[in-house]
Amino acid sequence: MSQNLNMREWLDWLTRVRLLTILLILTVGVVWPQYVPASEINRYFLPLLIFWITLGISHIILMRWLPAAKWHGALQVTTDVVMVSVLVYATGLQDSYFISLYLLIIIVASIYFQGA
């Protein structure tokens, strides 16, 4: 039971940090093109991040609605991989500034699934 509670606390923390990270990415993506003359904001960038924030809020709602479900972690890591892949694709593939987010997902998944 304590293992399940510990994982639930970890997922709550992960969800909050995810939303803060998305807001940081949004801030960087909107402010960066104003100061770097060669860069411009992609037309898919803002809708993508709004959709990602909506997914993050839906994760919070799902965790409150179904607290005993064991698939929350896998769902969150999967949606993060998909959203980062779309973000990297939309912002320039290998030239994207957001490619390092994959490392963050790998670290989070390895910590979360360590006990599984």
Side-chain angles (χ1 to χ4, degrees):
M1 182 69 174
S2 66
Q3 171 100 14
N4 193 12
L5 182 62
N6 190 19
M7 290 300 211
R8 170 125 171 99
E9 291 173 3
W10 171 253
L11 279 175
D12 283 338
W13 179 82
L14 177 65
T15 305
R16 289 186 201 112
V17 169
R18 176 185 298 109
L19 288 175
L20 289 174
T21 305
I22 295 167
L23 290 175
L24 179 67
I25 292 169
L26 178 65
T27 305
V28 168
V30 170
V31 172
W32 187 270
Q34 295 175 0
Y35 295 108
V36 178
S39 65
E40 61 184 50
I41 193 165
N42 189 315
R43 67 180 180 153
Y44 300 114
F45 184 77
L46 190 59
L48 176 66
L49 288 181
I50 290 172
F51 180 68
W52 202 0
I53 290 171
T54 305
L55 280 175
I57 292 171
S58 68
H59 287 308
I60 292 172
I61 292 170
L62 273 173
M63 285 181 52
R64 302 284 188 252
W65 189 45
L66 300 169
K70 296 183 181 192
W71 45 264
H72 287 297
L75 177 70
Q76 289 184 19
V77 169
T78 303
T79 56
D80 283 345
V81 168
V82 169
M83 294 307 294
V84 168
S85 298
V86 173
L87 178 67
V88 167
Y89 180 78
T91 57
L93 293 175
Q94 71 268 19
D95 296 329
S96 175
Y97 295 111
F98 304 109
I99 204 161
S100 61
L101 290 176
Y102 284 117
L103 181 60
L104 185 61
I105 293 172
I106 291 169
I107 292 169
V108 166
S110 66
I111 291 171
Y112 180 74
F113 294 116
Q114 174 183 356

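What you see is a predicted model; the values in this text were computed from it and never measured.
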**Report entry** Chi angles and distances behind the side chain to side chain contact (heavy atoms under 4.5 Å, CB included) call for Val82, Trp52
**Finding:** CA-CA 10 Å; Val82 169; Trp52 202 0; over 6 Å; no
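- By the 6.0 Å contact criterion, CH2 on Trp71 is enclosed, its count of non-hydrogen atoms from other residues, nucleotides or ligands being greater than 12.
- Put simply, Ile106 and Val81 are part of two different groups of oily side chains (I, L, V, M, F, W, Y) that touch within less than 4.5 Å, one to the next.
- Rounded to the nearest 0.5 angstrom, Ile105 CD1 and Thr79 OG1 are separated by 8.5 Å.
- Tracing side-chain contacts under 4.5 Å through hydrophobic residues (I, L, V, M, F, W, Y), one never reaches Ile61 starting from Leu75; they form parts of separate clusters.
- Note that OG1 of Thr54 is 10.5 Å distant from CG of Leu49, once rounded to the nearest 0.5 Å.
- Other residues sharing the hydrophobic cluster of Leu20, ordered by chain and number and joined by side-chain separations under 4.5 Å: none, the residue standing alone.
- In plain terms, the two heavy atoms of Leu62 and His72 that are nearest each other are O-CE1, 3.4 Å.
- Cluster membership check: Ile57 shares its hydrophobic cluster with Leu55, using side-chain heavy-atom separations under 4.5 Å among Ile, Leu, Val, Met, Phe, Trp and Tyr.
- Put simply, the side chain of Val17 does not reach to within 4.5 Å of the side chain of Val108, judged on heavy atoms.
- Of all heavy-atom pairs spanning Met63 and Thr15, the tightest one is SD-OG1, 3.7 Å.
- Of all the heavy atoms in Leu19 and Ile53, the pair that sits closest is CD2-O, 3.9 Å.
- Residue Leu48 comes nearest to Leu87 through the heavy atom pair CD2-CA, 3.4 Å, listed as atom of the first residue, atom of the second, then distance.
- Under the 4.5 Å side-chain contact rule for hydrophobic residues, Ile99 and Tyr89 do not share a cluster.
- Taking the ring pair (Phe, Tyr, Trp, His ring centres under 6.0 Å) definition, one finds that Phe98 meets it with Phe45, sequence neighbours left out.
- Other cluster members for Tyr44: none, since no ILVMFWY side-chain heavy atom sits under 4.5 Å from it.
- Taking the side chain as every heavy atom from C-beta outward, Ile25 and Leu101 approach each other to under 4.5 Å.
- Nearest approach of Tyr102 to Ser85, heavy atoms of both residues: OH-OG, 2.9 Å.
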